[in-house]
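Report on the structure given below.
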Amino acid sequence: MEKLVKPITERNTESQFFGIIVAVFCVILTLFLVTLWRRRKSAGNSILITGLSDAGKTILFSRLLDSKLISTYTSVKENTGDIVINNHSLRIVDIPGHERLRYKYFDKYKSSARALVYVIDAVTLQKDIRDVAEFLYSLLSIININRHIPILILCNKQDQTMAKGWRVIKTLLEKEINLLRLTKSSQLESIDDSSSNAFLGKIGIDFEFIHLNMNVQFAECCAFNKDSDSIADIQELNMWLKKII
């Protein structure tokens with residue numbers, strides 16, 4: 001039986017067609033990888049520093065960028081700057097703590113957030129516990145639905161005698177958030193309407209941070225210390241940043 005042999009021109013045509021398919025695939029793959037690289041480069045590189053007014057956010061911001069103390073005042077807009085950690089460039093964003101501004105600027109930067117630092121005044125916490133817990137509740141609800149980014153609850157002003165440690169603060173926040181879960185209905189005062197139906201923790205069990213489907217850690221710091229310019233005052237924050245990069 002004679003073997004059927006395709007003409008050379010037909011084989012060349014098939015080879016050319018296959019080559020075109022491979023080339024198109026490579027172009028599409030290259031465009032996809034370039035787009036992915038650009039998105040990663042432009043998004044997900046911001047460390048958001050937030051919390052109530054007078055918690056020490058702007059001083060903390062200056063310590064991260066310049067390792068020195070500055071005189072600060074209540075911020076009316078965000079402060080931004082770049083630092084390098086583990087050979088990665090990060091954008092540090094200090095978000096105003098005023099209740100009329102905090103959600104506006106969080107909304108502006110939340111899509112590019114790599115992580116969130118929630119700064120607490122460890123001295124005045126008991127007086128401000130309701131506001132501190134409610135703002136944190138809103139942020140956790142938004143992050144729980146949109147992006148599970150790492151969160152550090154940073155207990156500042158540990159150099160002061162009346163400052164509470166992170167374990168006490170954690171317990172106080174858990175009790176207050178548990179009360180908030182009971183009092184809040186289907187509407188949550190936040191910047192994202194989709195978070196209004198969010199439920200933090202486990203139904204039927206008192207709230208604990210370990211019940212959240214996200215990485216929430218606590219640390220202590222002293223952003224402002226006249227007796228020392230050492231970065232040791234914010235060492236726990238620096239260590240946390242290195243771990244999440």
Determine whether a donor-acceptor pair (N or O, by modelled atom type, separation under 3.5 Å) exists between the side chain of N79 and the backbone of D94. no
Legend entry - Close side-chain approach of T50 to L116, heavy-atom, < 4.5 Å: yes
Checklist entry - Hey, does V119 have a side-chain heavy atom less than 4.5 Å from the side chain of I49? => result yes
For R63 and A223 the tightest heavy-atom approach is NH1-O, 2.8 Å
When rounded to the nearest 0.5 Å, the distance separating CG of D233 from CG of D159 is 7.5 Å
- Spell out, as yes or no, whether a donor-acceptor pair under 3.5 Å connects the side chain of E236 to the backbone of E220. yes
Indicate yes or no for a side-chain donor-acceptor contact from E174 to the backbone of F209 under 3.5 Å, with no hydrogens or angles considered.
yes
CG (L154) and CG (L60) are apart, to the nearest 0.5 Å, by 6.0 Å
Short N-O contact, D107 and K110, less than 4.0 angstrom:
yes
TODO: Kindly determine whether L180 and F207 satisfy side-chain contact (heavy atoms from CB on, under 4.5 Å), including the steps that lead there.
DONE: CA-CA 10 Å; L180 283 170; F207 175 82; over 6 Å; no
TODO: Decide yes or no for L172 and L125: does some side-chain heavy atom of the first lie under 4.5 Å from some side-chain heavy atom of the second?
DONE: yes
Determine whether a donor-acceptor pair (N or O, by modelled atom type, separation under 3.5 Å) exists between the side chain of Y137 and the backbone of L200.
no
- For N156 and A55, indicate whether the former's side chain and the latter's backbone hold a donor-acceptor pair under 3.5 Å. yes
Output for pair (L136 CG, I151 CD1), nearest 0.5 Å, gives 7.5 Å
Closest non-hydrogen atoms of G201 and H211, given as atom of the first, atom of the second and distance, are CA-CB, 3.9 Å
Show your reasoning for whether side-chain hydrogen bond (donor to acceptor under 3.5 Å, both in side chains) applies to S138 and Y103.
CA-CA 10 Å; S138 298; Y103 290 115; 3.2 Å; yes
* Asked: Would a 4.5 Å heavy-atom cut-off, applied to side chains only, mark V93 and Y105 as touching?
  -> no
Nearest heavy-atom approach of A122 to I169 is CB-CD1, 3.8 Å
Looking at N213, is its backbone amide N or carbonyl O close enough to the side chain of H148 to form a donor-acceptor pair, meaning the two atoms are under 3.5 Å apart? yes
Stacked cation flag R102 on F135, 6.0 angstrom / 45 deg: yes
Practice prompt. Give the C-alpha distance, both sets of side-chain angles, the deciding distance and a yes or no for side-chain contact (heavy atoms from CB on, under 4.5 Å) between I129 and L173.
Written response: CA-CA 7 Å; I129 184 64; L173 286 174; 3.9 Å; yes
Shared ILVMFWY cluster between L140 and L179, side chains joined below 4.5 angstrom? no
NE2 (H88) and NZ (K242) are apart, to the nearest 0.5 Å, by 14.0 Å
- Task: Spell out, as yes or no, whether a donor-acceptor pair under 3.5 Å connects the side chain of K57 to the backbone of L52.
- Result: yes
* To do: Show the numbers, then the answer: is there a side-chain hydrogen bond (donor to acceptor under 3.5 Å, both in side chains) between Q217 and N215?
  => CA-CA 7 Å; Q217 298 184 35; N215 181 10; 3.2 Å; yes
side-chain hydrogen bond (donor to acceptor under 3.5 Å, both in side chains) for D128 and T124? Distances and angles first, verdict last. CA-CA 6 Å; D128 301 327; T124 64; 3.2 Å; yes
D82/L65 under side-chain contact (heavy atoms from CB on, under 4.5 Å): CA gap, chis, key distance, verdict: CA-CA 7 Å; D82 297 323; L65 266 66; over 6 Å; no
Apply salt bridge (Lys or Arg N to Asp or Glu O under 4.0 Å) to residues K202 and E208 and explain how you reach the verdict.
CA-CA 9 Å; K202 297 182 178 180; E208 293 184 38; over 6 Å; no
So CG of D131 and CD of E134: to nearest 0.5 Å the spacing works out to 7.0 Å
Are I120 and V123 connected in a single hydrophobic cluster, I mean Ile/Leu/Val/Met/Phe/Trp/Tyr linked by side-chain heavy atoms less than 4.5 Å apart?
no
- Message: Quick one, F106 with L101, criterion side-chain contact (heavy atoms from CB on, under 4.5 Å). Give me CA distance, side-chain angles, the key distance, then yes/no.
- Response: CA-CA 9 Å; F106 181 78; L101 301 173; over 6 Å; no
In terms of heavy-atom contacts, A219 and W166 come closest through O-CB, 4.4 Å
So CG of L241 and CD1 of I83: to nearest 0.5 Å the spacing works out to 6.0 Å
Smallest heavy-atom separation, T80 atom then Y109 atom, equals CG2-OH, 3.8 Å
### Message
Using modelled atom types and a 3.5 Å cut-off, is there a donor and acceptor pairing between side-chain atoms of R114 and backbone atoms of S46?
### Response
no
